[in-house]
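Only one structure is covered here, and it is reproduced in the block below.
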Amino acid sequence: MLHRTIHLFRKELRLHDNPVLLAALQSSEALYPVYILDRAFLTSSMHIGALRWHFLLQSLEDLHKNLGQLGSCLLVIQGEYESILRDHIQKWNITQVTLDAEMEPFYKEMEANIQRLGTELGFEVLSLVSHSLYDTQRILDLNGGSPPLTYKRFLHILSLLGDPEVPVRNLTAEDFQRCRAPDPGLAECYRVPLPVDLKISPENLSPWRGGETEGLQRLEQHLTDEGWVASFTKPKTIPNSLLPSTTGLSPYFSMGCLSVRTFFYRLSNIYAQAKHHSLPPVSLQGQLLWREFFYTVASATPNFTQMVGNPICLQICWYRDAERLHKWKMAQTGFPWIDAIMTQLRQEGWIHHLARHAVACFLTRGDLWISWEEGMKVFEELLLDADYSINAGNWMWLSASAFFHQYTRIFCPVRFGKRTDPQGNYIRKYLPILKNFPSKYIYEPWTASEEEQKQAGCIIGQDYPFPMVNHKEASDHNLQLMKQVREEQHRTAQLTRDDADDPMEVNVKRDHSEENISKGKVARTTE
DNA sequence: GGCTTGGTTGTAAAT
DNA sequence: TATTTACAACCAAGC
């Protein structure tokens, strides 16, 4: 008995290594490849900005084209996903919905809703994991139900699990010929919208073009240099090179235009041929495992993208300063290195990993003492590779809220960039106003004399802002704050431990729900 | 439990 | 000017 299936693309916008699409084709007599463009859902759950909209639409267009070559097409239906499903299940006589399994709470909720709809309307639902190397649940199980909180421990668990799932074979025209494709009239009716249709600003200077085709091309291009691949060492890559010094594949993994499993095994093959190769955490495979690490922790940590209610996150009273936050976001801090990075982020939607460190440290524990959640939201909007788990995880890392705790290590917004680009070519590219500044001042232009500023064609305080803080003072101050936070944390932990020595106290503590307190069952403790 | 070890990518002084 | 060394000192994990 063959199904009439809607295959719902969500993140896996590709035809290579797409196990659930393959399963859909093998179990169906008719297949409708559908992308539901639910703007309310996408905007509220992922806060996607203009560059990402462009990237998404390009990826959908590419998917449509590639499906066309195999005798099918992509139907992009706009509207609220549940009512769209309801309508079309009946209209098309659907008996099965297939979709990629995702781990974000909003995608999980969507899947649960679709399951419920299936029970109600009588269709089957099939979902398979293919966005991560492993099914993260297996990693959690092996670690006793809780996520490993260090990379080392994580690698240890993986060594028990063995290699990740191998990619499934590529889809062919024959796979699609076995199923009836949607009527050509439908494809016309549900074509991929243009940015202008969605009222998204048409200018797009980003050098990144969305889609599986472009992603695979970039992947092949990088893999041809086997020596580079085998010796890749992340900390040695350059954050302020004018072209990316890393692979730049992250936007394609983020949207599922590329399969991490495909990349993982291509790397394994190259490593097998090479005499020597680098290892995690710094190797290319190590980068994929970092992604996997944050996926694993996020999947098992409540409120992972916020501080409050997040059990692994240090609770800090960050400053609320809308004006400084805005200046940081708009590349107006007065630190050329920081502003150049934020400009590249705004213009292109991608910045190097270490550049992310520099601006994240600056916003949080380094200089401004503003919550990592604010920075995370800005990255979510502007980064093409923005990803629920990785974004939140790294922001906690950089703000020393979780994973990383050596808070005395603060990136200097002046010196950090100098190491790899003493001439300041990166700054000159992204802050053209400073183009002619002498190199000795380019990282801290306010130290140049008035005469030199005039010669360089830029007056500090007029054409380019004064630095918004004194880095030395700010970072010293924040160091003290962080110390206090940790001492306080220590003290409360100590208190809880002392209390726990008395079994009676433990019982009382467990019973401290608001309800019991209000009923007078439990004495209020002095706090 | 207490103690040791090590951590993707610092800073500043001393050589 | 480059490279080495001391610094301060956190936490998770493992014995």
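So you know, we letter chains A, B, ... as the sequences are listed, proteins then strands, and number each from 1. We use all heavy atoms of the structure for the numbers below, so side chains are in, but hydrogens, waters and symmetry mates are not.
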Report task. Just jot down the side-chain contact (heavy atoms from CB on, under 4.5 Å) partners of A:Pro280, sequence neighbours excluded, or say none. Result ->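 A:Pro280 satisfies side-chain contact (heavy atoms from CB on, under 4.5 Å) with A:Tyr151, A:Leu155, A:Ser283, A:Leu289 once adjacent residues are dropped.
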
Query raised in the report: Where the side chain of A:Arg409 is defined as all heavy atoms beyond and including C-beta, which of B:dA12, B:dT8, B:dG10 is the nearest nucleotide?
Result: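 Between B:dA12, B:dT8, B:dG10, the one nearest the side chain of A:Arg409 would be B:dG10.
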
Distance check needed: [N] [atom2] versus [X] [atom1], whole Å only.
X	N	atom1	atom2	result
A:Phe411	B:dT9	CZ	C1'	7 Å
A:Gln285	B:dT8	CD	P	17 Å
A:Ile390	B:dT8	CD1	P	16 Å
A:Lys152	B:dT4	NZ	P	17 Å
A:Leu479	B:dA12	CG	C1'	14 Å
A:Phe154	B:dG7	CZ	C1'	16 Å
A:Arg291	B:dT8	CZ	C1'	18 Å
A:Leu314	C:dA9	CG	C1'	15 Å

Query raised in the report: What about A:His357 and A:Trp397, are their ring centers closer than 6.0 Å?
Result: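 Here the rings of A:Trp397 and A:His357 have centres that are no less than 6.0 Å from each other.
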
Query - A:Tyr388/A:Tyr107 aromatic ring centres below 6.0 Å - result: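 Here the rings of A:Tyr107 and A:Tyr388 have centres that are no less than 6.0 Å from each other.
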
Side-chain donor/acceptor pairs under 3.5 Å, residues 336-349 of chain A, sequence neighbours excluded:
unit_1   : atom_1 : unit_2   : atom_2 : d
A:Asp339 : OD1    : A:Gln332 : N      : 3.3
A:Asp339 : OD1    : A:Thr333 : N      : 2.8
A:Asp339 : OD1    : A:Thr333 : OG1    : 2.8
A:Asp339 : OD2    : A:Thr333 : N      : 3.2
A:Asp339 : OD2    : A:Thr333 : OG1    : 3.4
A:Asp339 : OD2    : A:Gly334 : N      : 2.9
A:Asp339 : OD2    : A:Tyr464 : OH     : 2.5
A:Thr343 : OG1    : A:Asp339 : O      : 2.6
A:Gln344 : OE1    : A:Tyr426 : OH     : 2.7
A:Gln344 : NE2    : A:Glu348 : OE1    : 3.2
A:Gln344 : NE2    : A:Tyr430 : OH     : 3.2
A:Arg346 : NH1    : A:Lys329 : O      : 3.1
A:Glu348 : OE1    : A:Tyr430 : OH     : 3.3
A:Glu348 : OE2    : A:Tyr430 : OH     : 2.8

Report task. Sugar-phosphate atoms are those with a prime plus P, OP1 and OP2; base atoms are the rest. Using that split, label each nucleotide of nucleotides 10-15 of chain C B, S or - for protein heavy atoms under 4.0 Å, 5' to 3'. Result -> BSSSS-

Any carboxylate oxygen within less than 4.0 angstrom of a Lys/Arg side-chain nitrogen, looking at [X] and [Y]?
X	Y	answer
A:Lys377	A:Glu380	no
A:Glu102	A:Lys11	yes
A:Arg356	A:Asp385	yes
A:Lys327	A:Glu323	yes

**Report entry** Residue pairs involving residues 401-418 of chain A (criterion side chain to side chain donor-acceptor pair (under 3.5 Å); sequence neighbours excluded)
**Finding:**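 Listed once each, the pairs are A:Ser399-A:Ser401.
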
Requested in this report: Within residues 226-238 of chain A, find the residues that approach DNA chain B with a heavy atom at under 4.0 Å, and present them sorted by residue number.
Outcome: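 Contacts with DNA chain B under 4.0 Å: A:Lys234, A:Pro235.
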
Requested in this report: Compare every heavy atom of A:Leu149 with every heavy atom of A:Phe403, then report the nearest pair and how far apart it is.
Outcome: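 Reported closest heavy-atom pair: CD2-O, 3.8 Å.
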
Requested in this report: Using a 4.0 Å heavy-atom cut-off across all strands, classify A:Phe403 as base, sugar-phosphate, or nothing.
Outcome: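 Nothing: the residue A:Phe403, judged by heavy atoms under 4.0 Å, touches no strand.
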
Report task. Give the C-alpha distance, both sets of side-chain angles, the deciding distance and a yes or no for side chain to side chain donor-acceptor pair (under 3.5 Å) between A:Thr420 and A:Asn240. Result -> CA-CA 7 Å; A:Thr420 43; A:Asn240 41 14; 2.7 Å; yes

**Report entry** Atom P, compared across B:dA14 and C:dA8: separation rounded to whole Å
**Finding:**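 Between the two P atoms, the distance is 13 Å.
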
**Report entry** Same-atom distance (P) from B:dT8 to C:dC7, integer angstrom
**Finding:**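 Rounded to whole Å, the distance is 24 Å.
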
Query raised in the report: How many angstroms lie between atom OG1 of A:Thr262 and atom CG of A:Leu258, to the nearest 0.5 angstrom?
Result: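 CG of A:Leu258 is found 8.0 Å from OG1 of A:Thr262.
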
**Report entry** Secondary-structure stems for DNA chain B, with pairs counted as Watson-Crick or G-U when both distances are under 3.5 Å and runs at least 3 long
**Finding:**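 Listed by first number, the stems are B:2-7 with C:10-15, B:10-15 with C:2-7.
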
